[in-house]
Amino acid sequence: MLDDVESILETRNVSLNFGGLKAVDNVSLRVGRSKIFGLIGPNGSGKTSLFNLISGIYKPTSGRIIFEGIDITGSQPHQVYRMGIVRSFQYPRVFFKMTLLDNLIFAARGQLGDNPLVAVFMRRRFQKQEKQLVERAVEILEKLGLSEYADRYPNELSGGQLKLLELGRALMAEPKLLLLDEPAAGVSPILVSKIFETVTHFRDVAGLTVFIIEHRLDVVKEYTDWIYMMYRGRLYLSGTPAQVLSDRRLMSVYLAEGSIVDEA
Ligand SMILES: Nc1ncnc2c1ncn2[C@@H]1O[C@H](COP(=O)(O)OP(=O)(O)OP(=O)(O)O)[C@@H](O)[C@H]1O
Ligand SMILES: [Mg+2]
């Protein structure tokens with residue numbers, strides 16, 4: 001599959017050292033455009049660190065990161081964000097005094113109305129954009145199963161629904177690449193499927209690319225197009241869900257680490 005798909009993101013021999021610890025060790029991988037890529041691996045294997053490198057929070061000790069053909073190694077988080085890489089749950093900013101609909105609209109990127117002069121002199125364009133934002137927000141709320149709360153406030157939501165709202169805010173930014181670090185952790189099974197069905201929808205209708213860290217192997221198997229597995233900082237396995245999840249090396253690592261197989 002990977003050979004047939006254009007890459008949107010590529011890491012080339014990327015490493016990140018913390019003192020003597022190699023949190024990320026010489027990782028080279030590609031993420032294909034308009035696909036859902038899963039990232040698995042036992043605790044401490046470097047998954048979040050890899051996302052921190054991609055999103056510009058850390059600069060690699062060595063190696064390059066290429067996004068849409070542009071070398072973004074060492075770029076600041078706001079620069080990376082502006083290029084279209086949005087990391088959900090990094091800024092879990094839900095505004096409790098705004099309705100859900102307003103929470104989403106407020107999260108949208110490039111709102112013309114942010115500039116008072118634009119709002120006055122370009123009223124028609126402003127109104128058109130407002131309308132598009134509302135339509136997008138309504139669509140996202142619907143996909144997340146939150147339509148009935150559109151005009152209500154976040155304090156009425158469960159913890160899991162708040163996570164869905166955060167995902168909705170990330171989607172409002174119209175990311176090209178959405179990085180999700182365990183969005184389903186602590187979320188009930190029904191809401192987990194909402195999360196994955198929503199990103200699947202935006203992959204299919206808008207060409208969204210998703211790179212997602214997820215511990216539950218059954219969920220990864222159902223929704224991802226390709227899986228990378230990290231272990232001890234290194235890229236350990238790579239393949240289709242069927243290939244990776246039937247690989248004996250996966251089971252032996254998880255058994256050795258005493259982790260999370262029972263969640264699958
Ligand atoms: N800021 C830091 N300073 C020092 N060591 C760190 C730092 N961040 C992560 N590490 C270490 O780097 C290694 C990889 O951590 P990381 O958080 O990337 O793993 P992970 O795969 O996301 O694990 P988990 O599944 O538990 O979230 C771990 O040994 C961790 O202790
Ligand atoms: Mg992590």
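Just so it is clear, the structure is predicted and the values come from calculations on it, not from any experiment. Side chains are part of it too, since the values below use all heavy atoms of this structure and drop only hydrogens, waters and symmetry mates. Index from 1, following the sequence. As the structure lists them, so they are numbered: ligands from 1, and atoms in each ligand from 1.
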Inset, instruction - Could you tell me if the ring centre of Tyr153 sits under 6.0 Å from that of Phe96? - result: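 For Tyr153 and Phe96, the ring centres are not under 6.0 Å apart.
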Inset, instruction - Check whether the ring centres of Tyr58 and Phe18 lie less than 6.0 Å apart, and answer yes or no. - result: yes
Legend entry - Pairs meeting criterion ring-ring contact (aromatic ring centres under 6.0 Å, His included) with involvement of residues 163-214, two or more places apart: Phe51-Phe211, Phe196-Tyr223
Inset, instruction - Kindly state each residue pair satisfying salt bridge (Lys or Arg N to Asp or Glu O under 4.0 Å) with at least one member in residues 185-205, sequence neighbours excluded. - result: Arg203-Asp225
Inset, instruction - Give a yes or no on whether a salt bridge exists between Arg33 and Glu68, defined as a side-chain N under 4.0 angstrom from a carboxylate O. - result: yes
Legend entry - Lys131 and Glu135 ion-paired at < 4.0 Å: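 Looking at Lys131 and Glu135, the cut-off is met.
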Inset, instruction - Hey, could you give me the NE2/CD1 distance between His215 and Ile40, rounded to the nearest 0.5 Å? - result: 10.0 Å
Inset, instruction - Any chance you could measure Phe37, atom CZ, to Leu180, atom CG, to the nearest 0.5 Å? - result: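 The CG atom of Leu180 is 14.5 Å from CZ of Phe37, to the nearest 0.5 Å.
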Hey, what polar pairs (N/O, under 3.5 Å) does ligand 1 make with protein?
{"from": "ligand 1", "atom 1": "1 (N)", "to": "Tyr58", "atom 2": "OH", "distance (Å)": "3.1"}
{"from": "ligand 1", "atom 1": "18 (O)", "to": "Ser49", "atom 2": "N", "distance (Å)": "2.9"}
{"from": "ligand 1", "atom 1": "18 (O)", "to": "Ser49", "atom 2": "OG", "distance (Å)": "2.6"}
{"from": "ligand 1", "atom 1": "19 (O)", "to": "Gly46", "atom 2": "N", "distance (Å)": "3.2"}
{"from": "ligand 1", "atom 1": "21 (O)", "to": "Ser45", "atom 2": "N", "distance (Å)": "3.1"}
{"from": "ligand 1", "atom 1": "21 (O)", "to": "Ser45", "atom 2": "OG", "distance (Å)": "3.4"}
{"from": "ligand 1", "atom 1": "21 (O)", "to": "Gly46", "atom 2": "N", "distance (Å)": "3.0"}
{"from": "ligand 1", "atom 1": "21 (O)", "to": "Lys47", "atom 2": "N", "distance (Å)": "2.9"}
{"from": "ligand 1", "atom 1": "21 (O)", "to": "Lys47", "atom 2": "NZ", "distance (Å)": "2.8"}
{"from": "ligand 1", "atom 1": "22 (O)", "to": "Thr48", "atom 2": "N", "distance (Å)": "2.9"}
{"from": "ligand 1", "atom 1": "22 (O)", "to": "Thr48", "atom 2": "OG1", "distance (Å)": "2.8"}
{"from": "ligand 1", "atom 1": "23 (O)", "to": "Gly44", "atom 2": "N", "distance (Å)": "2.8"}
{"from": "ligand 1", "atom 1": "25 (O)", "to": "Asn43", "atom 2": "ND2", "distance (Å)": "3.2"}
{"from": "ligand 1", "atom 1": "25 (O)", "to": "Lys47", "atom 2": "NZ", "distance (Å)": "2.8"}
{"from": "ligand 1", "atom 1": "25 (O)", "to": "His215", "atom 2": "NE2", "distance (Å)": "3.4"}
{"from": "ligand 1", "atom 1": "26 (O)", "to": "Asn43", "atom 2": "ND2", "distance (Å)": "3.0"}

Inset, instruction - Using distance alone, with no hydrogens and no angle criterion, decide if Ser15 and Asn26 have a side-chain donor and acceptor under 3.5 Å apart. - result: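 Per modelled atom types, Ser15 and Asn26 side chains form no pair under 3.5 Å.
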Legend entry - Environment of the Mg ion (ligand 2) in terms of protein N/O/S atoms, cut-off under 2.8 Å: Thr48 OG1
